[in-house]
Amino acid sequence: MTNTERPVDHGSIDNAMTSGEGPELRELYRDFESANLTPLWTQLGDLMPMHPQPKAVAHLWRWSDLYPLARRAGDLVPVGRGGERRALALANPGLGGHAYVSPTLWAAIQYLGPRETAPEHRHAQNAFRFVVEGEGVWTVVDGDPVRMSRGDFLLTPGWHFHGHHNETDQPMAWLDGLDIPFSHYTDVGFFEFGSDRVTDYATPNFSRGERLWCHPGLRPLSGLRDTVSSPIGAYRWEHTDAALTQQLLLEDEGQPATVGQGHAAIRYVNPTTGGDVMPTIRAEFHRLRAGAATPATREVGSSVFQVFEGRGQVVLDGVEHPIDKGDLFVAPSWVPWSLHAETPLDLFRFSDAPIMERLHFNRTHVEGEQR
């Protein structure tokens, strides 16, 4: 290790400031404090660590705990102006009580009771919904009603008006994901109330955006302008399921169609650019055959996974956890994670990868691969 790489000995600096010797140095440090200055040499190890040292910790939330709590909130807490949404945010234990799942990502379970409406609003933050189970809710995005059903991935890009309405006699819960922490730390957030009621109570099977954009390999000539976020309101489960099924069938035929042995995966994309669905959030879906496993992986940036179906284990920072349908877990920056499928295992994943890649901070290390 070179001298420039050697960690700072904070103890020697503290001793210099508190010992009976060096009154000029002690005075210098007091003058720094008065002038709102901090010398780099006292904090280099914290500001420029040898590798990421996230305050966020790897953590697992059980669906068997989350859903009953959401249901109790549904019985006791109304939906309306002020609170806006009955959403239970996953608070990472390492982030000091902030309602953040990681320093860049926000995740919550949103619950809408029978015949309830969540009023319309919009915000600068980008948002999505992912449905583990249930149906009967439509989310209305800029006046376009979008059906929400099991396995669907739905978008609400930043600054689009949106509200939700439940047309059934049964409650429904789903996963919300947003870039709230990132927008908070960078001071870019705006919020605006919409009408007190969702603007369109229609319940079509397919939204107008889907009817225009969701035809494989085809792009409408009426929409040739590239858009920052995807114009598709809902990525339907039947297409996700079919894509993953075909990858594994091609693997059986000896074709290099999967990302790992018995491991199929897809990324949801913006059809106007071929890139991520939103500028700050990447979304993927992974399927592992029974008995398949992934190598331990470290990545700069954070990811959140939700088990859609099946059972298995996740190893987070060296600790193994059993996982089942609905369970959620977070892998913070540079914390190793790996998966093992006990049964066929389906997982939804979202991450801050577009931010890391655009800023050129992205880095990945997979166990067993050459650096």
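All values below come from the heavy atoms of this structure, side chains included, with hydrogens, waters and symmetry mates left out.
- Between R219 and D226, at least one side-chain N (NZ, or NE/NH1/NH2) sits under 4.0 Å from a carboxylate O, which counts as a salt bridge.
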Note to self: With side-chain contact (heavy atoms from CB on, under 4.5 Å) as the criterion, how do E357 and R282 come out once you've worked through the C-alpha distance, each side chain's angles and the decisive distance to 0.1 Å?
What the structure shows: CA-CA 11 Å; E357 291 176 2; R282 174 167 295 167; 2.8 Å; yes

Check: Yes or no on side chain to side chain donor-acceptor pair (under 3.5 Å) for R225 and T272, after CA distance, side-chain angles and deciding distance?
Finding: CA-CA 7 Å; R225 181 175 61 87; T272 75; over 6 Å; no

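- Hydrophobic clustering (ILVMFWY, side-chain heavy atoms < 4.5 Å, transitive): V132 and W237 are in one cluster.
- Under the 4.5 Å side-chain contact rule for hydrophobic residues, I281 and L175 share a cluster.
- Under the 4.5 Å side-chain criterion, counting only non-hydrogen atoms from C-beta, Y201 is in contact with T117.
- The side-chain heavy atoms of P295 and S338, taken from C-beta on, include no pair separated by under 4.5 Å.
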Note to self: Please evaluate residues F130 and Y268 with respect to the criterion ring-ring contact (aromatic ring centres under 6.0 Å, His included), reporting the C-alpha separation (whole Å), side-chain torsions for both, the decisive distance (0.1 Å), and the verdict.
What the structure shows: CA-CA 12 Å; F130 180 73; Y268 302 93; 7.8 Å; no

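- Ring-plane geometry between Y185 and Y100 is classed as perpendicular, the angle between the planes exceeding 60 degrees on a 0 to 90 degree scale with a lower cut at 30.
- The aromatic ring centroids of F308 and F285 lie less than 6.0 Å from each other.
- Applying the ring-ring contact (aromatic ring centres under 6.0 Å, His included) test to H121 and every residue at least two apart in sequence or in another chain returns H123, H162, F191.
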Next item on the list: Please step through side chain to side chain donor-acceptor pair (under 3.5 Å) for the pair T139 and H164, ending with a clear verdict.
Entry: CA-CA 4 Å; T139 183; H164 317 301; 2.9 Å; yes

Next item on the list: Could you walk me through whether E133 and R150 pass salt bridge (charged side-chain N to carboxylate O under 4.0 Å, His left out), step by step?
Entry: CA-CA 5 Å; E133 59 185 8; R150 173 171 160 75; 5.7 Å; no

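- Among the candidates V101, D179, D176, V304, the single residue satisfying the side-chain contact (heavy atoms from CB on, under 4.5 Å) test with W106 is D176.
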Next item on the list: Using the side-chain contact (heavy atoms from CB on, under 4.5 Å) rule, take L328 and I109 through it: C-alpha gap first, then chi angles, then the decisive distance, then the call.
Entry: CA-CA 10 Å; L328 290 127; I109 303 304; 3.9 Å; yes

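- Residue pairs satisfying the salt bridge (charged side-chain N to carboxylate O under 4.0 Å, His left out) criterion with at least one member in residues 94-119, sequence neighbours excluded, are listed as follows: R86-E116, R115-D169.
- Under a hydrophobic-cluster definition in which Ile, Leu, Val, Met, Phe, Trp and Tyr are linked whenever side-chain heavy atoms come within less than 4.5 Å, directly or via other members, F348 and L88 are assigned to different clusters.
- Using a 4.0 Å cut-off between charged nitrogen and carboxylate oxygen, R289 and D252 count as a salt-bridge pair.
- Taking 4.5 Å as the limit, some side-chain heavy atom of Q247 sits within range of a side-chain heavy atom of I266.
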Check: What do the steps show when you test M172 against V131 for side-chain contact (heavy atoms from CB on, under 4.5 Å), and what is the final call?
Finding: CA-CA 9 Å; M172 185 172 167; V131 185; 3.6 Å; yes

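- Of the possible polar contacts, one joining the H160 side chain to the G158 backbone as a donor-acceptor pair under 3.5 Å is found.
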Check: Step by step, would you call H165 with E167 a side chain to side chain donor-acceptor pair (under 3.5 Å)?
Finding: CA-CA 6 Å; H165 58 95; E167 295 302 304; 2.6 Å; yes

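- Taking the six-membered ring wherever Trp is involved, the centroid distance between the rings of F329 and W337 does not fall below 6.0 Å.
- We find that D346 and R287 are joined by a salt bridge, their nearest charged nitrogen and carboxylate oxygen being less than 4.0 Å apart.
- Placement of M148 and L112 within a single hydrophobic cluster is found when ILVMFWY residues are connected by side-chain heavy-atom separations under 4.5 Å, directly or transitively.
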